[in-house]
Amino acid sequence: MSIRCRFAPSPTGYLHIGGVRTALFNWLLARQAGGQFILRIDDTDLQRNQDEALQPILDGFRWLGINWDEGPEVGGPHAPYYQSQRLSRYQNEVRRLLHAGAAYRDYATPEETAAERAEAEAAKQDFVYSRRWMAETDEQAQAFEAEGRKCVVRLKMPREGQCSFYDHIRGEVSFDWAREQDHVVQRADGTCLYHLASVVDDFDFQITHVVRAIEHLSNTPRQIFIAQALGYPLPEYAHIPFVAEPGSKTKMSKRKIAQYLKNPDFKKMLDHGMAIAQRIGKSITPESFNPVLVDFYKTVGYLPDAINNYLVLLGWSLDDRTEEFTREEMIQQFSLQRVVKSEASFDPQKLLSFQARYMSRLPVKQKVPLVIPYLQAAGLVAEPIPCEMGETVAAVVTAAGDRLVVAGDILQFDDFFLPDEALPYDPKAFEKRIGKAEKAEFLLNEFRKVLVGVEPFDAASLERALHGFCETQQIQPGDIVHALRVALTGKGVGFGLFDTLAILGRDRSLRRIQAALLRKQSAPA
RNA sequence: GGCCCCGUCGUCUAGCGGUCUAGGACACCGCCCUUUCACGGCGGGAACACGGGUUCGAGUCCCGUCGGGGUCACCA
């Protein structure tokens with residue numbers, strides 16, 4: 001039988017990085033076996049606007065290349081894939097549970113249940129429902145209803161023995177049935193709850209492997225109980241460790257961003273991303289824009305392959321040295337057997353290092369189209385991009401080299417796309433390299449004259465010209481290079497100076513030097 | 001608190017009884033390259049939670065302790 005895996009997000013509006021990792025493992029397993037990967041929407045409870053909350057999740061998966069064979073927008077033989085649309089199916093199965101004696105109608109009010117719970121807690125005992133308002137016959141039910149009570153349906157869990165099952169990651173696992181509660185499977189309003197829905201859907205969709213985060217491990221006995229009561233075959237289980245907070249073993253949650261900010265690496269990553277997001281006019285809040293969410297990476301310009309590669313290594317490894325996997329290699333090599341048991345904490349720096357590697361290998365031709373939307377969003381180049389401008393972008397990308405780690409980093413080189421007269425200067429750099437540098441003004445002025453005659457105006461000739469200039473002036477290259485960079489770009493750091501000159505071209509270079517000199521004169525040190 | 005899971009460098013991990021004075025990667029530190037930044041090259045520090053067993057031999061098996069985490073809803 002072919003492998004069928006699923007990932008079942010709730011439409012919360014956000015795609016969590018830990019969720020992606022879980023989905024990725026499922027996807028890998030399905031692809032490897034030539035099976036199917038199914039996306040099911042667990043929306044049994046939420047009344048929220050579903051489409052709006054779901055779209056970012058679907059977009060995120062698409063962006064990462066984690067495609068689904070059945071699910072929202074693609075349909076499939078078992079449609080619908082939304083739990084909210086499958087209620088009658090669940091209700092039908094609840095009836096079967098009732099008939100089989102595996103569940104009962106319970107007429108306790110929430111207050112009464114809470115009271116029993118509190119009592120048990122006060123006595124420091126495990127809560128075991130007394131089943132005082134349990135109705136197993138219609139007569140009992142009518143009696144309770146005569147009192148004006150409403151019922152939920154609870155599982156009638158075994159009160160002795162053990163539930164044992166095999167888990168691909170954990171091995172043989174067992175729980176005492178007696179510790180299990182009589183979980184509610186159907187609410188008083190007739191809607192059904194997650195555990196029931198999940199089991200029914202897994203059966204209906206013919207899911208063979210349930211690969212999910214470890215927090216579901218303790219849910220498994222009740223799901224097994226439901227499945228067995230309904231006569232379903234059991235899927236295979238694999239409970240993978242969750243993704244933990246940076247530098248910790250606590251489950252990562254999007255609600256604790258403020259706390260993660262204490263982690264310097266995390267903060268650095270967020271600050272870098274925020275700077276880019278602001279430049280491209282994306283409205284950001286910590287809730288919707290941070291490194292826990294996939295949208296962050298998409299917005300800032302990370303490469304999906306880099307993210308997938310990082311994520312696959314979070315809790316899985318092939319051997320003692322292989323770190324890089326193409327998509328195909330991942331599919332081929334992945335195995336549940338080699339999934340690690342302990343939780344893995346999210347390390348922004350390592351993710352960044354994968355990004356840097358993948359980016360540096362990308363040919364300029366492929367980087368350019370990645371980068372252009374950022375320049376356009378920041379209002380630096382027109383849309384559509386003029387042909388000539390495309391060449392400039394390519395030249396900047398080439399010169400930037402490895403300095404371009406994420407696509408949004410192109411904005412660090414915005415100076416090439418700014419009009420000469422609008423060039424802002426980094427005050428500190430200007431002060432240090434031109435303002436109070438004694439010979440800077442003189443040297444800039446002299447070198448300007450040299451520039452007028454450089455032919456052709458390319459990096460190699462410019463380099464020769466500058467070295468010649470240094471000899472005649474009896475100075476070191478460092479004496480002029482820094483001042484020149486600030487004059488040309490407004491910044492103290494940047495890529496090669498000769499590339500900078502060549503890309504700007506003679507006219508703009510001369511104009512910018514002139515402007516810097518003027519500025520120096522108008523605001524003397 | 002009950003139950004369950006986990007425990008090798010700061011982080012991700014290799015290790016499935018001897019080849020481990022514990023290997024790789026990221027990060028960190030130093031040096032080199034260099035017009036800044038980045039890249040790159042070379043080198044360095046850095047871990048088997050603890051205590052008992054079992055065994056000729058334990059990071060590897062067993063037990064306990066400690067530590068961390070998850071879960072205990074008419075949430076998913």
Side-chain angles (χ1 to χ4, degrees), chain A residues 8-12 42-46 83 106 108-110 113-114 117 120-121 124-127 150-154 167 169-170 173-176 178-181 183-189 191-195 197-198 213-221 239 241-242 244 246-251 265 310 313-324 338 340-354 356-357 360 400-405 409 412 429 433 463 466 470 476-486 489 491-498 500:
Chain A
S10 291
T12 55
D42 280 13
D43 55 355
T44 42
D45 191 44
L46 304 175
Q83 292 192 326
D106 179 46
T109 62
T113 316
R117 212 178 282 277
E121 195 174 331
K124 293 193 171 173
Q125 284 174 338
D126 290 343
F127 168 62
K150 293 201 156 177
C151 77
V152 299
V153 177
R154 284 184 186 276
D167 183 281
I169 316 291
R170 314 285 146 188
V173 188
S174 55
F175 293 84
D176 288 337
R179 306 252 170 225
E180 288 291 317
Q181 300 298 319
H183 306 283
V184 174
V185 289
Q186 190 175 73
R187 297 182 181 93
D189 68 4
T191 60
C192 293
L193 279 89
Y194 165 74
H195 293 290
S198 179
I214 182 98
E215 57 260 38
H216 289 285
L217 184 63
S218 53
N219 298 153
T220 309
H239 288 91
F242 55 75
S248 148
K249 293 290 183 195
T250 310
K251 187 167 87 173
D265 298 332
Y310 171 71
L313 252 20
L314 212 52
W316 175 81
S317 70
L318 176 66
D319 55 28
D320 61 338
R321 54 196 65 246
T322 316
E323 284 237 297
E324 293 179 16
R338 292 196 59 89
V340 157
K341 283 189 170 121
S342 54
E343 51 287 313
S345 67
F346 175 74
D347 181 359
Q349 297 200 107
K350 187 134 187 174
L351 171 51
L352 202 60
S353 90
F354 274 103
R357 278 187 248 176
S360 93
D402 290 334
R403 277 160 276 238
L404 206 66
V405 175
D409 282 338
Q412 284 170 21
R433 300 302 190 183
E463 182 161 10
L466 184 122
C470 288
Q476 292 300 306
D479 296 335
I480 173 142
V481 157
H482 302 293
L484 201 48
R485 172 174 290 106
V486 174
T489 67
K491 301 182 177 99
V493 298
F495 49 71
L497 184 66
F498 308 111
T500 304

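Residue numbering restarts at 1 for every chain, and letters A, B, ... go by the order of the sequence lines. We use all heavy atoms of the structure for the numbers below, so side chains are in, but hydrogens, waters and symmetry mates are not.
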### Query
Does a side-chain N or O from A:Arg154 land closer than 4.0 Å to OP1 or OP2 of B:A73, or not?
no

### Message
Could you check whether the side chain of A:Arg170 and the base of B:C5 have a donor-acceptor pair of N or O atoms closer than 3.5 Å, going by distance alone?
### Response
no

### Message
Can you confirm whether A:Lys249 is buried at NZ, in the sense that more than 12 heavy atoms of other residues, nucleotides or ligands lie under 6.0 Å from that atom?
### Response
yes

### Message
Rounding to an integer number of angstrom, what distance separates B:G59 and B:G23 when you compare their C1' atoms?
### Response
13 Å

### Task
Mind calculating the distance between CG (A:Leu352) and P (B:A25) to the nearest angstrom?
18 Å

### Inter-nucleotide C1' distance (B:C62, B:C3), Å rounded
23 Å

### Task
May I have the distance from A:Leu313 (atom CG) to B:C12 (atom C1'), rounded to whole angstrom?
7 Å

### Query
Can you check whether A:Leu318's main-chain N or O pairs, donor with acceptor, with A:Arg338's side chain at less than 3.5 Å?
yes

### Message
Nearest to the A:Thr44 side chain among B:A76, B:A27, B:C74, which nucleotide is it?
### Response
B:A76

#### Entry: Integer angstrom distance from the P of B:C37 to that of B:C28
15 Å

### Query
Taking all atoms of both residues into account, what is the closest heavy-atom pair of A:Ala197 and A:Thr44, and its distance?
CB-CG2, 3.9 Å

### Query
Rounding to a whole Å, what distance do you find between A:Ile214:CD1 and B:C3:P?
17 Å

## Note on the structure
By the Watson-Crick or G-U definition, both distances under 3.5 Å, B:G7 is matched with B:C66

### Task
Would you kindly say whether A:Thr12 and A:Ser10 are connected by a side-chain donor-acceptor distance under 3.5 Å?
no

### Message
Regarding A:Val152, tell me which of base, sugar-phosphate or nothing describes its non-hydrogen contacts under 4.0 Å with the strands shown.
### Response
base

#### Entry: Integer angstrom distance from the C1' of B:G68 to that of B:C50
15 Å

### Query
For B:G2, what is the paired nucleotide under Watson-Crick or G-U wobble rules, both distances under 3.5 Å?
B:U71

#### Entry: Separation of atom NZ in A:Lys249 from atom P in B:G10, rounded to whole Å
12 Å

### Query
Are the side chain of A:Asp43 and the backbone N or O of A:Gln83 linked by a donor-acceptor pair below 3.5 Å?
yes

### Query
Using a cut-off of 4.0 Å on non-hydrogen atoms, how would the nucleic acid contact of A:Gly478 be classed: base, sugar-phosphate, or nothing?
nothing

### Message
Regarding A:Arg179, tell me which of base, sugar-phosphate or nothing describes its non-hydrogen contacts under 4.0 Å with the strands shown.
### Response
sugar-phosphate

### Message
Side chain of A:Ala188, heavy atoms from C-beta onward: which of B:C12, B:C74, B:A76 has the nearest atom to it?
### Response
B:C74

Review item, nucleotides 48-50 of chain B N/O atoms under 3.5 Å of protein N/O:
none

### Centroid under 5.5 Å and tilt under 30°, A:His216 to B:A76
yes

### Task
For A:Glu323 and B:G23, give me the distance from atom CD to atom P, rounded to whole Å.
16 Å

### Task
Just jot down the salt bridge (charged side-chain N to carboxylate O under 4.0 Å, His left out) partners of A:Arg357, sequence neighbours excluded, or say none.
A:Glu323, A:Glu324

### Task
Round to the nearest Å and state the distance from A:Lys341 atom NZ to B:G15 atom P.
12 Å

### Message
Could you tell me if A:Arg485 and A:Thr489 have a donor-acceptor pair between their side chains, going purely by distance under 3.5 Å?
### Response
no

### Whole angstrom value for the distance that separates P of B:A47 from CG of A:Asp320
20 Å

### Task
Let me know, please, whether A:Arg433 or A:Arg117 comes out on the 5' side of the other along RNA chain B by nearest nucleotide.
A:Arg433

### Short side-chain N/O contact to B:U13 OP1/OP2 from A:Arg321, under 4.0 Å
no

### Query
Which comes earlier along RNA chain B counting from the 5' end, the contact point of A:Asp402 or that of A:Lys150, where each point is its nearest nucleotide?
A:Asp402

### Task
Spell out yes or no: do the side chain of A:Asp347 and the base of B:A25 have one donor N/O and one acceptor N/O closer than 3.5 Å?
no

### Query
Side chain of A:His195, base of B:A76: donor and acceptor closer than 3.5 Å?
yes

### Spacing of A:Asp106 atom CG relative to B:C74 atom C1', expressed in whole Å
10 Å

### Task
Using the C1' atom as the reference point in each nucleotide, state the distance between B:G15 and B:A25 in Å, no decimals.
16 Å

## Note on the structure
Per atom distances to the A:Thr250 side chain, the nearest of B:U35, B:G70, B:C74 is B:G70

### Task
State which of B:G69, B:A76, B:U35 makes the closest approach to the side chain of A:Phe242.
B:G69

### Query
Under 3.5 Å, side chain of A:Thr191 to main-chain N/O of A:Arg187, donor-acceptor pair present?
no

#### Entry: Check: A:Lys350 side chain, B:A27 base, donor-acceptor under 3.5 Å
no

### Task
From the options B:G15, B:C26, B:A38, select the nucleotide whose nearest atom is closest to the side chain of A:Arg357.
B:C26

### Distance below 4.0 Å between A:Ser218 side-chain N/O and B:G70 OP1 or OP2
no

### Task
Spell out, as yes or no, whether a donor-acceptor pair under 3.5 Å connects the side chain of A:Arg154 to the backbone of A:Val185.
no

### Message
Considering every strand and a 4.0 Å limit on heavy-atom distances, what is the contact class for A:Val185: base, sugar-phosphate, or nothing?
### Response
nothing

### Message
The side chain of A:Arg187 is closest to which nucleotide in this list: B:C12, B:A76, B:G2?
### Response
B:A76

### Task
Give a yes-or-no answer on whether the side chains of A:Gln412 and A:Asp409 include a donor-acceptor pair shorter than 3.5 Å.
yes

### Task
Could you work out which one of B:C37, B:C4, B:A76 sits closest to the side chain of A:Phe175?
B:C4

### Task
For B:U21 versus B:A46, give the span between their P atoms, rounded off to a whole number of Å.
16 Å

### Message
I want to verify a distance call: between B:U35, B:C12, B:C6, whose nearest atom is closest to the A:Glu343 side chain?
### Response
B:C6

### Query
Would a 4.5 Å heavy-atom cut-off, applied to side chains only, mark A:Val486 and A:Lys491 as touching?
no

### Query
Going by modelled atom types, is there a donor-acceptor pair between the base of B:U35 and the side chain of A:Arg485 at under 3.5 Å?
yes

